[in-house]
Every structure is written in C-alpha cells, then in structure tokens.
Novice: 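Encoded as structure tokens, here's the structure I'll be asking about.
Quick caveat: nothing in here was measured; it's all calculated off a predicted structure.
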Amino acid sequence: LKRLLRAPAPRTCARGLQHVAVGKMGVSFGDFFDKRTAPYIIWTAIALAFALCFWLSRPSDDKSATQGGARGSSSSRKSRPSVSLCLDGLLSAAGDAGSCSLADSAAAVLLNLAAAAELFVVATADSDAREAEVFAALEAVDAFRQGLRRHRVMFSSTAPGRASMIRQLQPALHLEFEPSVAETLEGKVSEVRLVGSSEWPNFGDAANLASRGAAGPGAS
C-alpha cells in the first residue's frame, strides 16, 4: 500500500494532454504537435492537398483535350469540299479480257482528290464481276489508303441512273465525261465540269479545286 501511495501521478502537458506510458497506451498526439513541429506538419498537409487536387484534375484535362482534338478533326473533315467523279472516262482495258486499270497520270490526280476532298466515285457496272474489277483498279493505285472510302464507290447501269445518283448526292463539284449527263446536271448541283470540253480539256485541269468555286460544304 505504501508503494502504491508513493507512485508518481501521471504527467500533464501544458495543453492538458495527458501522457501515459508507451508500453500501455502508446504515444499521445501532443508528443508530436508542438510549436517546433507544427509548421512542418501544416506545410506537409498543404503540399499533399495540392498534389491530390492536381492528380484529380488530370483526367478531366486529358478528356477536354481529347474532345477538343476530336472536334477539330471533325471540323476539318467537314470543311473539305465534297466531290463526285465519273470513273468511266478514266478506266481503260488492261491486258486480261474484262479487266480494267487506271493510267498513272489519272491515278495521281485521283489520289490528290481523295486526299483533299470528300470524294465519291461512280462507275457504270451491270454485274458483280464488273464492280469487282473497278474495286481492284482502285486498290491497285492505293486509292483507299489515300482517303477514298469503300462505301463511297457507287455503281449505276446507265448514264441517266448516274445523273440521278449525283442529283441526290448534291456534291459541291461533279466531274463528268458524258456530255448528256453534264447537261442533265447543269443547274441541279453546285458545279459540273465536263472533262474534254473546251473549258476543261483534261482531267487534271477539271480536278483542280483551286479553280473557280469548287469549295463547298462537305458530305459525310
């Protein structure tokens, strides 16, 4: 009993935080937070808060940048003029019976069109075999790698049918080799250029988008 009465009472710090033995209750908060350590703890907490805010804001910024890039890309595509082209005047018979090909000079102009415009091509075909030949001729000059899309390769069995398709398509510019089709489309679409005419003597001249007013709304 005397030993218990002589045992020292628990110490109390200036802020009223009671210290207890480490072996029994652990170390109190007051042992770490005092005038000397307070600035370090406060600035560490502030730094962690800023780091957390920066980390949380990154996905939002990346998303905004991605959306902005997508909008810019979409706007760029829509600003390109829509151009339709009759392929019949460019296709020539190849060595094998029934096959066709594009001359190098015509292929170069077509590839430039595919890269600079929303290009639609129309060819005359009365069978699946003929359609396959046209696709093969376009693939041979890498037209689909330069921007031409497969679903924009269209076919008709007659010239009047082609004129009807172009009227529905409403391109900013149509390049045609058949005088009757060009005459039918005159005034029905924004601009028609008859390749081989006195005004447009060759395909390269007619396909020059910088000539006159070929720029117009894009088509999807």
Novice: Please determine, by modelled atom types, if Glu178 and Ser180 share a side-chain donor-acceptor pair under 3.5 angstrom.
Specialist: yes
Novice: Check whether any side-chain heavy atom of Glu176 sits under 4.5 Å from a side-chain heavy atom of Val195, and report yes or no.
Specialist: no
Novice: Using a 4.5 Å cut-off on heavy atoms from C-beta on, say whether the side chain of Phe203 contacts that of Leu85.
Specialist: yes
Novice: Is any side-chain heavy atom of Leu113 closer than 4.5 Å to a side-chain heavy atom of Leu209?
Specialist: yes
Novice: Do the charged groups of Glu186 and Lys188 touch, with an N to O distance under 4.0 Å?
Specialist: no
Novice: Is any side-chain heavy atom of Leu185 closer than 4.5 Å to one of His174?
Specialist: yes
Novice: Applying side-chain contact (heavy atoms from CB on, under 4.5 Å), run through Met165 and Met154 and close with a yes or a no.
Specialist: CA-CA 9 Å; Met165 293 173 65; Met154 303 174 291; 3.4 Å; yes
Novice: Heavy atoms, side chains only, cut-off 4.5 Å: are Phe120 and Val153 in contact?
Specialist: no
Novice: Report the C-alpha separation of Arg149 and Phe144 in whole Å, then their side-chain angles, then the decisive distance to 0.1 Å, and conclude whether the side-chain contact (heavy atoms from CB on, under 4.5 Å) test is met.
Specialist: CA-CA 6 Å; Arg149 301 182 184 180; Phe144 298 114; over 6 Å; no
Novice: How close do Ala143 and Leu110 get, heavy atom to heavy atom, and via which atoms?
Specialist: CB-CD2, 3.9 Å
Novice: With a cut-off of under 6.0 Å to the ring centre and 45° to the axis, is Arg130 in cation-pi contact with Phe155?
Specialist: no
Novice: Side-chain contact, heavy-atom cut-off 4.5 Å: Ile166 with Pro171?
Specialist: yes
Novice: Please check if atom CD in Glu139 has more than 12 non-hydrogen atoms from other residues, nucleotides or ligands closer than 6.0 Å.
Specialist: yes
Novice: Do Arg193 and Glu199 sit within salt-bridge range, that is, some charged N less than 4.0 Å from a carboxylate O?
Specialist: no
Novice: Evaluate side-chain contact (heavy atoms from CB on, under 4.5 Å) for Cys86 paired with Val181, printing each intermediate quantity in order.
Specialist: CA-CA 10 Å; Cys86 172; Val181 175; over 6 Å; no
Novice: Just by distance, with hydrogens left out, do Asn208 and Asp205 show a side-chain donor and acceptor under 3.5 Å apart?
Specialist: no
Novice: Does a side-chain heavy-atom distance below 4.5 Å link Leu91 with Ser101?
Specialist: no
Novice: Compute whether any side-chain donor of one residue and acceptor of the other, for Asp126 and Ser157, lie under 3.5 angstrom apart.
Specialist: no
Novice: Looking at side-chain heavy atoms only, is the closest gap between Leu169 and Ser84 below 4.5 Å?
Specialist: yes
